[in-house]
Amino acid sequence: MAQLQLDPTERFLRAARGEPVDRAPVWLMRQAGRYLAEYRAVRDGLSFLDFCRDVEKSVEVSLQPLELVGSEAVIVFSDIFVPVPGMGVELDFAPGPVVADPIRSAAQVDRLVVPDLRESVPYVFEILRTLRAELEGLRIPLLGFAGAPFTLAAYLVEGRGSRDFAQLRRMMREAPDILRALLAKLTELVVAHLEAQVEAGAQAVQLFDTWAGLLTPSEYREWVLPAHREIAAKLPRAQAPLILYVKGSSHLLDLTLESGADVVSVDWRVDLADAARRAAGRVSLQGNLDPGLLFAPPELIAERVGEIKAAGRAARGHILNLGHGVLPGTPVEGVRAFTQAARSAAGDAP
Ligand code: CP3
């Protein structure tokens with residue numbers, strides 16, 4: 001295995017599919033963003049949504065993590081809420097998404113449309129096509145993404161970010177039909193969005209279900225798993241593998257492994273060796289350094305990365321990443337220490 005010579009795209013796709021690789025590839029969730037002075041310089045003065053619509057600037061910040069922090073994959077710069085205004089929802093970023101008129105009634109859900117994304121957000125696909133042309137020669141893989149229906153619904157119902165999304169959970173109990181109808185429309189949106197991203201050049205796609213970890217296993221089985229399975233079944237996964245991320249999901253791990261995704265991205269509270277055992281060769285794993293550890297000295301980061309790599313070897317395939325996105329204020333040196341340790345031989349197969 002050690003003599004395999006893989007370029008970064010082959011390494012990434014093989015790890016995602018559970019084929020032999022020389023070592024685990026590395027990238028970071030939320031790798032472009034506020035922790036980079038270079039990101040803030042390009043963003044300067046623009047509203048977040050205008051920034052996402054600016055093809056040249058979005059291409060530039062998508063590429064920044066390659067050189068600045070040594071990532072081995074590029075995720076398109078956008079946001080999970082970029083396709084949502086096209087459904088007829090008025091929203092803004094402050095800095096997280098804020099919905100003008102939170103969705104609480106059946107009439108509001110009925111009025112939502114699933115737009116033709118190539119018309120409502122053409123810039124997303126232009127950014128992807130431009131990135132793919134830039135990355136082809138470097139053989140760096142390009143990732144697309146979407147927010148999962150439950151997480152999108154969480155913000156749409158609550159109106160903004162929240163610690164416990166009480167309104168959403170109340171809707172689960174008191175108006176389940178409204179929530180079901182909302183999730184169905186969002187599932188349609190997500191499938192269309194990810195399909196169009198693959199067509200525009202994304203070589204893998206990640207589904208972010210940040211808030212599904214709020215649920216009990218039986219609630220998750222009812223409200224979340226069916227959408228994941230539908231999305232996995234409808235996407236062209238032979239062309240672009242699907243990665244699923246659910247934050248705070250150690251109590252849901254067995255259910256995330258049943259999603260139909262090719263890769264399950266686990267947060268830092270999950271024991272990676274245990275996850276590998278439970279995955280039992282069915283899916284690859286991604287993760288799972290505590291993003292808070294990037295504030296630690298480089299030696300400590302390297303030590304922990306070595307442990308994660310060793311644990312990841314028991315999985316069908318392993319993609320090194322954090323257990324959640326890079327935190328604002330993270331020192332760039334910590335991020336570099338992470339990718340450097342990932343690229344070094346420590347923890348690799350002998
Ligand atoms: O990973 C990347 O670098 C690609 C771009 C990306 C962004 N958001 C850019 C962004 C991705 C993959 C996301 C996903 C996202 N957005 C999620 C799921 C993943 C997660 O982190 O849990 C969620 C829940 C959102 C919604 C969202 N957008 C929030 C809560 C916020 C504000 C706080 C924050 O996390 O920064 C945003 C704004 C946002 N999206 C910024 C960026 C770089 C910050 C904008 C700025 O002020 O410059």
Side-chain angles (χ1 to χ4, degrees), residues 26-54 57-66 68-69 71-85 89 91-99 123-124 127-128 131 141-163 165 168 186 190 193-194 197 202 204-214 243-249 265-268 286-287 291-292 319 321-330 335:
V26 61
W27 71 286
L28 298 92
M29 291 186 266
R30 312 298 300 270
Q31 61 186 13
R34 287 179 289 178
Y35 76 103
L36 286 171
E38 292 82 353
Y39 166 88
R40 294 193 299 269
V42 180
R43 159 89 207 264
D44 191 36
L46 276 181
S47 79
F48 184 66
L49 279 172
D50 284 342
F51 189 30
C52 292
R53 283 189 203 107
D54 187 316
K57 287 187 194 309
S58 291
V59 166
E60 185 179 349
V61 298
S62 302
L63 295 172
Q64 282 178 346
L66 287 181
L68 292 175
V69 302
S71 181
E72 297 182 307
V74 164
I75 183 162
V76 61
F77 186 80
S78 189
D79 192 82
I80 61 170
F81 278 91
V82 161
V84 172
V89 174
L91 70 85
D92 216 336
F93 281 82
V98 180
V99 180
Y123 48 90
V124 172
I127 295 165
L128 280 160
L131 285 170
L142 175 61
L143 317 186
F145 71 91
F150 186 81
T151 287
L152 294 172
Y155 288 91
L156 291 177
V157 171
E158 206 74 25
R160 58 192 312 140
S162 156
R163 192 186 293 261
F165 290 92
L168 171 80
L186 291 168
V190 168
H193 194 36
L194 291 176
Q197 291 183 57
V205 290
Q206 178 156 330
L207 189 62
F208 285 94
D209 218 342
T210 307
W211 295 110
L214 284 171
I243 306 169
L244 170 67
Y245 173 75
V246 181
K247 182 185 170 199
S249 61
S265 192
V266 292
D267 91 5
W268 68 97
Q286 177 174 273
I319 298 169
N321 204 317
L322 303 177
H324 191 209
V326 182
L327 300 165
T330 298
V335 185

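Values below: every heavy atom of this structure, side chains too, minus hydrogens, waters and symmetry copies. All ligand and atom numbering here is 1-based and tracks the order in the structure.
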Test item, [X] contacting ligand 1 (heavy atom, 4.0 angstrom):
| X | answer |
| --- | --- |
| G325 | no |
| P97 | yes |
| Y39 | yes |

Can you sort out which atoms of ligand 1 are near [X], meaning under 4.0 Å from one of its heavy atoms?
| X | answer |
| --- | --- |
| F208 | 12 (C), 18 (C), 19 (C) |
| F48 | 9 (C), 10 (C), 39 (C), 40 (N), 41 (C), 42 (C), 45 (C) |
| G96 | 29 (C), 31 (C), 32 (C) |
| V76 | 4 (C) |
| T210 | 18 (C), 19 (C), 20 (C), 22 (O), 24 (C) |

Hey, does [X] come in under 3.5 Å of ligand 1, counting only N/O atoms on both sides?
| X | value |
| --- | --- |
| W211 | no |
| T151 | no |
| H324 | yes |
| A32 | yes |

Of the protein's non-hydrogen atoms, which lies at the shortest distance from atom 40 (N) of ligand 1, and what is that distance?
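The closest one turns out to be D79 OD1, 2.7 Å.
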Would you call the rings of F208 and F145 parallel, tilted or perpendicular, where under 30° means parallel and over 60° means perpendicular?
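Ring orientation of F208 relative to F145: perpendicular.
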Below 30° counts as parallel, above 60° as perpendicular, anything between as tilted: where do the rings of F77 and F51 land?
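The rings of F77 and F51 sit tilted, inter-plane angle from 30° to 60°.
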Under-4.0 Å heavy-atom contact with ligand 1, by part of [X] that carries it:
| X | value |
| --- | --- |
| Y155 | side chain |
| R40 | neither |
| R34 | side chain |

Exceeds 12 heavy-atom contacts within 6.0 angstrom, atom CZ of R160
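No, not enclosed.
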Please work out which of [options] has its closest non-hydrogen atom nearest to [atom].
| atom | options | value |
| --- | --- | --- |
| atom 38 (C) of ligand 1 | P95, A148, G161 | P95 |
| atom 9 (C) of ligand 1 | A94, A146, S78 | S78 |
| atom 39 (C) of ligand 1 | K247, R30, M29 | R30 |

